[in-house]
Amino acid sequence: MLCSILISATVPVLSAEPECGTSDKLLLLACEDGSARAYDVSSRKLLLTFGIGNEPVTTAAFISEESVLCGCADGDLVKFDLRKTSECISSYSIGAGAVYSLLYMGDGRVVTGHGDGMCTCWNLQHFSNSVVRLTGPDIDHITAVRNAADNVYCSCRDGNVRRYSIADFT
């Protein structure tokens, strides 16, 4: 399971706080049963379940206080609204390899790392004509994608960490 945490002011969470600093936080889990689940951290209770399908959900992340993006083992990305969990907002098919990592850049761009070694940067609003494929890992799968300053870093099963300049993603 992979997870993401959101500090939320708009999603109602329960008020019990057994630990310090856990109020107003949601934990998002990507699950192998084809779902993603959001938990209220302070009460440790399940709040939301997103049914994606039969394929395992391999990564999930909050992309706003209202939206969740989930990557699946079949290479698809699925976007959900936290207020309407029974229906997906949109679905994107971006490759044959499982999506193992995703990074939301905050400006509509998403960087994804795949099981077939592909790393892509694309725009949620203009998906069809905005995909940038990053080179380097060949067929070794991408295990994580993170950013710092003006760079994106991709770790790979081959033991290398690759750095890409965000300015090159346009």
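Worth saying up front: this structure is predicted, and the values here are computed from it rather than measured.
Side-chain atoms of Phe62 and Ser67, non-hydrogen and from C-beta on, never get closer than 4.5 Å to each other. In this structure, Val78 and Leu69 have side chains that are not in contact, with every pair of non-hydrogen atoms separated by 4.5 Å or more. Residues Arg162 and Cys156 meet the side-chain proximity criterion, which asks for heavy atoms closer than 4.5 Å. Contact check for Phe80 versus Ile52: side-chain heavy atoms found under the 4.5 Å cut-off. Within the 4.5 Å cutoff, the side chain of Tyr104 has no heavy atoms near those of the Asn147 side chain. Using a 4.5 Å heavy-atom threshold, the side chains of Ser91 and Lys79 count as separate. Looking only at side-chain heavy atoms (C-beta outward), Met105 and Ile166 come within less than 4.5 Å of each other. Val145 is not listed as a side-chain neighbour of Leu102, based on a closest heavy-atom distance of 4.5 Å or more.
Between the Thr143 side chain and the Arg157 main chain, no donor and acceptor come within less than 3.5 Å of each other. In this structure, Ser35 contributes its side chain and Gly51 its backbone to no donor-acceptor pair below 3.5 Å. Formation of a donor-acceptor pair under 3.5 Å by the Thr58 side chain with backbone atoms of Val99 is found in this model.
Shown here for Ile142 and Cys154, the closest heavy-atom pair between the two residues is CG2-CB, 4.3 Å.
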- [ ] In sequence, state the C-alpha distance, the side-chain angles, and the governing distance for Tyr92 and Ser90, and then conclude on side chain to side chain donor-acceptor pair (under 3.5 Å).
- [x] CA-CA 7 Å; Tyr92 310 92; Ser90 52; 3.1 Å; yes
Open item on the list: Quick one, Leu82 with Val68, criterion side chain to side chain contact (heavy atoms under 4.5 Å, CB included). Give me CA distance, side-chain angles, the key distance, then yes/no.
Closed with: CA-CA 7 Å; Leu82 291 172; Val68 170; 3.5 Å; yes
TODO: Test side chain to side chain donor-acceptor pair (under 3.5 Å) on Ser93 and Asp76 and set out the steps.
DONE: CA-CA 4 Å; Ser93 183; Asp76 289 349; 3.2 Å; yes
TODO: Give the C-alpha distance, both sets of side-chain angles, the deciding distance and a yes or no for side chain to side chain contact (heavy atoms under 4.5 Å, CB included) between Trp122 and Val110.
DONE: CA-CA 5 Å; Trp122 50 278; Val110 176; 4.1 Å; yes
Open item on the list: Cys31 vs Val57, test: side chain to side chain contact (heavy atoms under 4.5 Å, CB included). Steps then yes/no.
Closed with: CA-CA 5 Å; Cys31 304; Val57 179; 5.7 Å; no
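The number of heavy atoms from other shown groups lying within 6.0 Å of CG (Asp33) is above 12. Atom CG of Asp107 sits in a crowded spot, with more than 12 heavy atoms from other residues, nucleotides or ligands closer than 6.0 Å.
Remark: the Ser101 side chain and the Thr59 side chain contain no N/O donor-acceptor pair separated by less than 3.5 Å.
When hydrophobic clusters are built by joining Ile, Leu, Val, Met, Phe, Trp and Tyr residues whose side-chain heavy atoms come closer than 4.5 Å, directly or via intermediates, Val161 is not grouped with Val152. There is no path of hydrophobic side-chain contacts, each under 4.5 Å, that joins Ile89 to Phe50. The cluster map of Ile, Leu, Val, Met, Phe, Trp and Tyr, joined by side-chain heavy atoms under 4.5 Å apart, puts Val111 and Tyr153 in different clusters.
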